[in-house]
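The structure appears right after this line, and notes come after that.
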There are 2 protein chains.
Amino acid sequence: MSDVARIAFPPPDKTNGKRLAKAVERAGEEFAAKNLRFTKLRQMVYEEIAATYASIGAYEILARLADKGTRVAPISIYRAIDALLEAGVIHRLESKNAFFACRRMDHRTGRRPLFLSCEKCGAVGEVDGQHIFDLIGEAAVGAKFQARVKFVEVQGLCPRCAAGGGKE
Amino acid sequence: MSDVARIAFPPPDKTNGKRLAKAVERAGEEFAAKNLRFTKLRQMVYEEIAATYASIGAYEILARLADKGTRVAPISIYRAIDALLEAGVIHRLESKNAFFACRRMDHRTGRRPLFLSCEKCGAVGEVDGQHIFDLIGEAAVGAKFQARVKFVEVQGLCPRCAAGGGKE
DNA sequence: GACCTTCCGTTACACGATATCATGACGGTC
DNA sequence: GACCGTCATGATATCGTGTAACGGAAGGTC
Ligand SMILES: [Zn+2]
Ligand SMILES: [Zn+2]
Ligand SMILES: [Zn+2]
Ligand SMILES: [Zn+2]
């Protein structure tokens, strides 16, 4: 597997406590850098999202927290999600109404990523798509359309699943 | 306004019975060409979608049909929508969970359209985006990702609304 | 007619998201 | 300490989107 493929699609379930702790720490730094509060609830919600490379729905997060003894209302999950989105540590998959943790802390280079979502294992990868967003902007200009929000999402098979390595 | 802009973004409300009848007729031809049945329900659902240039949700269609005396269950609306999607006479906007009528009967040239959705008036336009989809395909190949379904959607202001001509 | 396939009606439910109002925690100010 | 503004959270209810399962109706085919 090439480097870019490995980076974009690590194993979907490697929960690895150490890696997760590292991700939480980086998320905390992002919050601090933006003068946002990384509260207990936000951290718990983030941990559920970051514990998997797959995308996860709000109610799935709710259920997992409930299993661990933390029972909260849907609205609380969504408020936490909003904060995480604002901090830029998670992304929303429009085509699935679900969320996943950002694995690339380099968005502020200004280059936008495009999302690759595996239909078999659920893993979501991000690859650079700046040139594509540029082209979309040009197409909009050509139509006299004032573009504000653009999203590009691709569904298919990740390298692992395409090779038959995904969970059956 | 340029030609391309006018074509992509006609007035969102020009319901014009004659134009609608023409659209229904063309939709019927599409169904026939694909050996699908353009049933009464499908035609009614199509008429509600095609009666506006804006996108419309399934339950909004449901409500409008109910107002006209036709009361059906959500599942029936969705089944009709599935058939209309399969016939290619409507499209789905993933970012809004809504549907709109296709105004370009030239997709089978093989060139895929790009959806431009106005945040103010709701109108949805289509412009050629084949080169963009090609580029996305290349990006996926670079990540060893086997792409199957690609979504590209843009939200912003249509030419009319950007110029202050949309309904306030 | 009998047969088969597709479409539709009904019921019930799962999942996604928001409105509204109330409570609590924290920091600053007087 | 008492007051106040802001933000985060809690509680309840409701709305919006989408599907499963089953049975019956409609339409083509022989
Ligand atoms: Zn990211
Ligand atoms: Zn996979
Ligand atoms: Zn179209
Ligand atoms: Zn508009």
Side-chain angles (χ1 to χ4, degrees), chain A residues 27-28 31-32 34-49 54-87 89-100 117 122 151 153 155, chain B residues 27-28 31-32 34-49 54-66 69-87 89-100 117 122 149 151 153:
Chain A
F31 270 81
K34 294 195 172 74
N35 270 321
L36 298 170
R37 286 185 240 168
F38 197 41
T39 68
K40 190 73 192 163
L41 180 62
R42 290 170 185 182
Q43 179 173 334
M44 286 191 296
V45 170
Y46 177 72
E47 283 172 0
E48 293 306 324
I49 298 175
S55 64
I56 178 174
Y59 280 68
E60 176 66 23
I61 297 169
L62 188 91
R64 294 189 186 183
L65 288 182
D67 283 349
K68 294 176 182 170
T70 304
R71 212 145 312 164
V72 294
I75 185 74
S76 293
I77 301 287
Y78 279 103
R79 287 194 279 227
I81 285 173
D82 285 345
L84 294 167
L85 286 171
E86 193 178 345
V89 298
I90 66 170
H91 299 300
R92 175 186 169 87
L93 257 192
E94 297 291 338
S95 57
K96 290 184 65 182
N97 298 320
F99 309 88
F100 65 98
S117 166
F151 74 81
E153 296 178 10
Q155 295 174 6
Chain B
F31 270 81
K34 293 193 173 73
N35 271 321
L36 298 170
R37 287 185 237 167
F38 197 43
T39 67
K40 191 71 191 167
L41 181 62
R42 291 170 184 182
Q43 178 172 335
M44 286 192 296
V45 170
Y46 178 73
E47 283 172 0
E48 294 306 323
I49 298 175
S55 65
I56 177 174
Y59 280 69
E60 175 66 23
I61 297 168
L62 188 90
R64 294 189 186 183
L65 287 183
T70 304
R71 208 144 318 169
V72 295
I75 186 71
S76 291
I77 301 286
Y78 279 102
R79 286 194 283 228
I81 285 173
D82 284 344
L84 294 166
L85 286 171
E86 192 178 346
V89 298
I90 66 172
H91 299 300
R92 174 184 171 89
L93 259 192
E94 297 293 335
S95 57
K96 288 184 64 184
N97 298 320
F99 309 87
F100 65 96
S117 167
V149 184
F151 297 113
E153 293 176 15

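Note on naming: letters A, B, ... go to the chains in the order of the sequence lines (proteins, then strands), and numbering restarts at 1 for each one. Predicted, not measured: the structure shown is a model, and the values here were computed from it. Heavy-atom basis, side chains included; hydrogens, waters and symmetry copies ignored.
- Among Thr39(B), Leu65(B), Val72(B), the one residue that satisfies the side chain to side chain contact (heavy atoms under 4.5 Å, CB included) test with Val45(B) is Leu65(B).
- Protein atom CG of Leu62(B) is 15 Å distant from nucleotide atom P of dT19(D), rounded to whole Å.
- Note: CZ (Phe38(A)) to P (dT9(D)) measures 11 Å, nearest angstrom.
- Every residue was checked against the ring pair (Phe, Tyr, Trp, His ring centres under 6.0 Å) condition with Phe151(B), not counting sequence neighbours, and none meets it.
- Here dA8(D) presents its P atom at 15 Å from CD1 of Ile81(A), a figure rounded to the nearest Å.
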How does protein reach along nucleotides 5-17 of chain C, written 5' to 3' as B (base within reach of a heavy atom under 4.0 Å), S (only sugar-phosphate), or - (no contact)? -SSBBBB----BB
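- Of all the heavy atoms in Glu153(B) and Glu94(B), the pair that sits closest is OE2-N, 2.7 Å.
- For Tyr78(B), the side-chain contact (heavy atoms from CB on, under 4.5 Å) partners at least two apart in sequence or on another chain are Ala58(B), Tyr59(B).
- Rounded to an integer number of Å, the gap from Asp82(A) CG to dC7(D) C1' is 14 Å.
- Spacing between atom CD1 of Ile56(B) and atom P of dT17(D) amounts to 10 Å, rounded to whole angstrom units.
- Note on ring orientation: taking the six-membered ring where Trp is involved, the planes of Phe31(A) and Phe38(A) are tilted (angle from 30° to 60°).
- Phe99(A) pairs in a side chain to side chain contact (heavy atoms under 4.5 Å, CB included) with only one of the listed residues (Leu85(A), Ile77(A), Leu93(A)), which is Leu85(A).
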